[in-house]
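The block underneath contains the structure these notes are about, expressed in structure tokens.
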Amino acid sequence: MKDPFVLQVNDLHIHFTADGHSVPVVRGLSYTLATGRVLAVVGESGSGKTVHALSLLGLLPPAAHVEKGEILYKGKNLLTMPENQLRTIRGRKISMIFQDPSASLNPVLTIGEQLIETLRAHRPLPPKEARKEAVQLLEQVGITQADKRLDEYPFQFSGGMCQRVMIAMALALSPDILIADEPTTALDVTIQAQIIQLIKQLQGKNGMAVIFITHNLALASQVADEVLVMYGGLCMEQAPVDELFNHPKHPYTRGLLASLVSVDAERPDRLPAIGGTPPVAGECGCGCPFAPRCSYAEAKCSHQLPPLLAQVNHRVRCWPEELP
Amino acid sequence: MSVCVEIRQLYKTYTRRKWLLGATEKVPVLQDVSLSLWQNRVLGLVGESGCGKSTLCKVLLGIEEPTSGTVVVNGKNAVRVSREQRKGLCRDMQAVFQDPYASLDPRMTVRQLLSEPLDIHGLYKNKAERKKFLSELLSSVGLLEAYLDRYPHEFSGGQRQRICIARALALDPKILVADEPVSALDVSVQAQILNLFQDIKRERDLTMLFVTHDFAVARFLCDDIAVMYRGRIVESAPSEQLFARPLHPYTKSLLAAVPQVGKPLSKSVSADPGVHTGSVTGCAFAPRCPYATAACRQVIPILEQAAPEHACACIHVTKENV
């Protein structure tokens, strides 16, 4: 029987070492990702969402290490895999798009050189064919006059176009999993909509699974099949997209949803904001990291971490059982 | 209602060298920008990154000199003025910038940061008065007096932005220029800072220029909105009117693309032309505009009144067809 899950993350713990101290930034993350599904990981800066994504590719910065846990790609643990095997998976089977497209491209190489390099690093292609394929890839992401534009440099492309090139590069080898880390944050809303549509379209065509990392809940609601909300390195809530947005359970998710400003609804006089500030990694203590800002917090919340409990397919990490 | 700031036909061109030793080229950043800030109202300036929003703020604050055009603040000229005159203008007009990490000197305590503008302008020289003023100032932005002797690195992003706001308010200005003040903050903190702007605007009868790329933020806070595209104002109207009835195709496509919970992903978006710079003859938006005709590529549309209080720069939007 074929494994339905292309990726399985089990109890992932990631620590940063600073001044001899070990600081946990991801504290026990578990999820599964099925072929052809889009999982949105939503969280604020410092919630551990990007660090977790980097660990999937074995690209953690030198100061960070995986303390414990498993990352299973088609049943094989990426964390114990030797580097030469990992290299056949990274970029080829699992690829990533980063936040800032203009910072991810080499400014002194043409777009073509960079795309062709990616293709030839993984497949034995003669230069001419690689170029032909690069042209097709650019056309696939909606860049016109692709043959001519291959010889241009990144500075001749706009931000949206650079991100398209990054997508073309990430999709060059038809990966099984695409990790998109805030792919549209640096772009304006109309371009954002185009890029998201493009990812969705190619995802449908190639049946690839997508991990979509964002801080934008509204965007997550439009892109994802399933949403995972992170806070202080922990998964606070996870549910299918409709369930999460129609019946949010965790006070943090509810607070975030309430504080969204809308362009359609009645203009409020004040926004229902969540008080306080997000926790600093390593200063979360032993209780729920959201407790200091939570209006439902009980005595127990500040010294005992609630477990992530599942009801059917909706997982929530919260003590107060009868949230209104 | 009186006008606080009047910007007329402002042009700003940066010169850059294409290659290390090559010829220079001129990059027009602001083109024929005219705007009025009405007293006690918040004007939202909305546009994509690189459209000239921040340059407009810099010209208004005197950080950059315009290539041509006039800026009048409270009846006084604010372009090419002497240091003394600039100092006077600064009393009335203060700024809050995007990145609260970059806008506070890391080696100054909060007390020093907030006292600097007071020292420059010779205010609250009496020790007791100064102390009372600073603690009131801090509490008005939701911070504690105990924070006065701490350094910026001890604060979170939201708290730092509160310090920046307190510093801007220290001189009790009449005009506040806020350049993307919430976009660098965490989502859960943005709402707090937006509420704070709402409060100070009411309590202090402030006139504000609020620059943002986020329409939802603009709608919450702003009374009037001006939409900018590639250095030109393409539409301006009172906030409610603009959201109820956007006229310019660019504004329409922006509004349609704002992601919202419970709304499907926007489908009808105009294509990105792909190149960032380079001269376009006629309307700058024409290459992306679904309604563009041959005429659009020839004439540069002027910002004209299309409805009461509603101006739009599009040759297809006229008084007659609105």
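All chains are named by letter (A, B, ...) in the order of the sequence lines, taking the proteins before the strands, and each is independently numbered beginning at 1.
- Between B:Ala257 and A:Val189 the shortest heavy-atom distance is CB-O, 3.6 Å.
- Atom-to-atom distance recorded for B:Leu185:CG and A:Thr277:OG1 is 11.5 Å, nearest 0.5 angstrom.
- Put simply, CG on B:Asp214 and CG on A:Asn216 are 8.5 Å apart, with the number rounded to the nearest 0.5 Å.
- Remark: side-chain polar atoms of A:Gln222 are not paired, donor with acceptor, to backbone N or O of B:Pro259 under 3.5 angstrom.
- The CG atom of A:Leu271 sits 6.0 Å away from atom CG of B:Leu194, with the distance rounded to the nearest 0.5 Å.
- For the atom pair B:Phe220 CZ and A:Asp269 CG, the distance stands at 7.0 Å (nearest 0.5 Å).
- Contact record, B:Cys222 with A:Arg267: O-NH1, 3.0 Å, taken as the closest heavy-atom pair.
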Worked verdict on B:Asp199 versus A:Arg270 for side chain to side chain contact (heavy atoms under 4.5 Å, CB included):
CA-CA 9 Å; B:Asp199 292 342; A:Arg270 280 185 77 80; 2.5 Å; yes

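- A:Arg293 places a side-chain heavy atom less than 4.5 Å from the side chain of B:Ser188.
- In plain terms, the two heavy atoms of B:Ala191 and A:Ala273 that are nearest each other are CB-CB, 3.6 Å.
- How far CD of A:Glu44 is from CD of B:Gln190: 9.5 Å, rounded to the nearest 0.5 Å.
- Side-chain atoms of B:Asp186 come within 3.5 Å of backbone atoms of A:Ser45 as a donor-acceptor pair (strictly under, hydrogens ignored).
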